[in-house]
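Here's the structure, in structure tokens; my notes come after.
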Amino acid sequence: MLPSNLHLYNTLTGKKEKFIPINTPHVGLYVCGPTVYSDAHLGNIRTFLTFDVVYRYLIHLGYKVRYVRNITDVGHLIDDADEGEDKIEKRARLEKIEPMEIVQKYTNGFHHTTDLFNLIPPSIEPTATAHIIEQIEMIQRIIDNGFGYEVNGSVYFDVKKYSSKHNYGELSGRKIDELLEQTRESLEGGNEKRFFADFAIWKKASKETIMKWNSPWGVGVPGWHLECSVMSTKYLGKEFDIHGGGLDLKFPHHECEIAQSVGADNVNPVRYWMHGNMLTVNGSKMSKSLGNSFLPMELVTGDHPLLDKGYTPMTVRFFFLQANYRSTVDFSNEALQASEKGLKRLMIAVENLNQIKVAKETTVDISTLISNCYKSMDDDFNTPITIAHLFDGVKIINLLLEGKETINVNDLEKLKTHFHTFVLDILGLKNEEANANSDLTDNIMEVVLNLRKNAKENKDYATADFIRDELNKINITIKDSSDGSTWNYEK
RNA sequence: GGUCGCGUGGCCGAGUGGCUAGGCAGAGCUCUGCAAAAGCUUCUACGGCGGUUCGAAUCCGUCCGCGACCUCCA
């Protein structure tokens, strides 16, 4: 497949740029993962889904992708200004178990959820606690380069000094001076920082803190932006291709990552920054604090005040893919129901590919369909347009099934391959219909359908309709066509 | 307050200076014993006001409304 014509929107430059890896065909992809102190909600999943499609498409194009997505299992603090209690430890105290039990519990839960939505696991899923030594080493490099200072057992990144030599704010468009003007009251009392924008890269631990480590600066925990810099550097190199994450991480998290990498190794770490936009509910960002978030299982069961009913994971996946990753998506029951029906139509078409009969001549345009799909994916992973093209393909498939158009062997093979590639491999959709029917049920249904066929031939429509209605009650749908009847079971 | 972004038809959601996005819903027709499915056809648009242009929903200005970030957050 390579070379590709992929273009992606680079948040760093604000433009769509042609994707040129540093070391073709290898691609380094880093995505900021979850902090495992509670269950991931649907908004979290959207971001990971975005990069799942990025990962899938890069692989499809022929790149050798190393996809690193971290698990944050220590160190993020509840309050602002680097004060307050560790989220994981707070949770551990509430649940009366060890912090690492919290970490394990919600890591397991996260993996379960990503499986549910058919997300491919990353190549490497490193944890912060397993890279304490590397973090200490990076802090030391930052200090050695004059961009970090120690105060009372904590180490801070010297933003003012950094910005005198480098461009702090290049990613987020923030300017130090402007940041200063909006200084908040949080700076008022007893802060160890020299400058309000400085951030902790090592934080002294209190006596009560359970998870803490020795360092040259005393016992403490690594700062919250550091792990990503460390682990991306370790597994992808000082400079790598794509860094992704939610838009809400752009500032300060990603800005700090850049500063740390430049501060430690004097290399701007990332070629292409990609940010996924937020999932909103009634126009506001979905978040736990607003109480408008739902958990994946609530979505499936429909057990939530905002949900009219349950939706399958693939419906949700499809729903997200029908919007551009750079736009906000507003949750609504109506939209989800529309996606449910649209997805069903698409998946049935994929299944029906096998029933298309081969002809001598091809009367449909397969190559345009195929190139359109590549064109839209190459345009910054434009999945909504790709799906629109796939629906053009659905129309073609249906016409072929009805015999209104024809297709030859080679083109049919192309069409099948194309749909399997785009729908299943790249968009990552899978058939959720209860298709694990046994031979026994198949045989029984054949008998039942034959009974009904006889009834119909005898114009005993009462019996025919009775059979259909009764099957309907147990979620089996009968469809009559000129070739006979087919059946379909749906939960 | 600062920075950035958004405002498209009944709903969701693309896109471009002039040519049908797509899905769902609605209407009509075809097929069908009926139904379902499917196919075909079809109706609602581009927040307000100015400006640039032969032509703007698309560019510029302005106003209104909404949101995100600026504190941990996907």
Side-chain angles (χ1 to χ4, degrees), chain A residues 14 31-35 37 40-51 72 75-84 87 169 172-175 177-184 186 197 224 244-253 255 275-280 283-289 293 318-319 322-324 326-343 345-346 348-349 352 376 379 382-392 394-395 397-399 401-402 404-405 456 459-461 464-465 468-469 472 477-482 485-486 488:
Chain A
V31 173
C32 290
T35 303
Y37 69 99
H41 68 236
L42 200 61
N44 304 127
I45 298 305
R46 185 185 176 204
T47 299
F48 301 126
L49 168 63
T50 294
F51 293 101
T72 297
H76 281 198
L77 303 168
I78 291 168
D79 293 342
D80 56 354
D82 306 332
E83 303 298 331
K87 279 180 182 171
S172 57
R174 294 220 153 66
K175 295 187 173 52
D177 306 345
E178 290 168 356
L179 283 170
L180 239 180
E181 288 170 11
Q182 67 223 30
T183 298
R184 293 199 180 179
S186 63
W224 23 282
L247 195 56
D248 51 357
L249 295 182
K250 191 169 165 187
F251 187 87
H253 184 61
E255 197 69 62
H275 289 95
N277 215 322
M278 300 293 106
L279 173 65
T280 62
S284 300
K285 176 180 166 180
M286 176 178 284
S287 72
K288 287 171 193 166
S289 56
S293 64
F318 187 69
F319 168 66
Q322 278 185 299
N324 191 288
R326 286 195 286 122
S327 305
T328 54
V329 168
D330 198 58
F331 167 86
S332 77
N333 282 286
E334 282 169 310
L336 234 20
Q337 275 159 31
S339 292
E340 189 174 53
K341 290 184 183 172
L343 174 65
R345 189 161 157 240
L346 178 65
I348 286 175
N352 286 345
S376 53
D379 182 16
N382 197 330
T383 51
I385 296 289
T386 306
I387 289 170
H389 291 315
L390 288 172
F391 274 108
D392 291 339
V394 168
K395 191 174 268 188
I397 290 170
N398 289 330
L399 289 170
L401 281 169
E402 292 203 343
K404 288 180 178 168
E405 302 278 0
K456 280 176 71 177
K459 300 216 190 277
D460 179 7
Y461 295 123
D465 289 350
R468 187 172 63 197
D469 292 345
N472 224 312
T477 312
I478 301 296
K479 291 179 199 166
D480 295 337
S481 72
S482 47
S485 301
T486 56
N488 190 275

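Naming: A, B, ... by sequence-line order, numbering from 1 per chain.
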Pairwise P distance for rU42(B) and rA21(B), with rounding to whole Å: 12 Å

Pairwise P distance for rU62(B) and rC6(B), with rounding to whole Å: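 Straight-line distance between the two P atoms is 16 Å.
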
Flag for Ser339(A)-Gln322(A): side-chain donor and acceptor within less than 3.5 Å: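 Looking only at side-chain atoms, Ser339(A) and Gln322(A) do form a donor-acceptor pair, the distance falling under 3.5 Å.
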
Donor on one side chain, acceptor on other, Asn277(A) and Thr328(A), under 3.5 Å: no

Reading 5' to 3' through nucleotides 10-23 of chain B, protein heavy-atom contacts under 4.0 Å coded B for base, S for sugar-phosphate only, - for none: -SSSSS-----BSB

Paired stretches of RNA chain B - 3 or more consecutive Watson-Crick or G-U pairs, each distance under 3.5 Å: B:1-7 with B:64-70, B:10-12 with B:22-24, B:26-30 with B:38-42, B:47-51 with B:59-63

Earlier contact from the 5' end, RNA chain B, for Ser287(A) and Lys250(A):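 The residue closer to the strand's 5' end, by nearest nucleotide, is Lys250(A).
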
Taking the side chain of [X] as heavy atoms from C-beta outward, which of [options] is closest to it?
X: Lys479(A); options: rA37(B), rC73(B), rA38(B); answer: rA37(B)
X: Phe251(A); options: rC70(B), rC73(B), rC40(B); answer: rC70(B)
X: His253(A); options: rA74(B), rC73(B), rG33(B); answer: rC73(B)
X: Glu402(A); options: rA38(B), rA35(B), rA74(B); answer: rA38(B)

Lys/Arg cation over aromatic Phe251(A): Lys175(A), 6.0 Å, 45° cone: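 Because its charged atom misses either the 6.0 Å distance or the 45° angle limit, Lys175(A) does not stack over Phe251(A).
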
Partner of Ser376(A) by side-chain contact (heavy atoms from CB on, under 4.5 Å), out of Thr383(A), Ile387(A), Leu390(A), Thr386(A): Thr386(A)

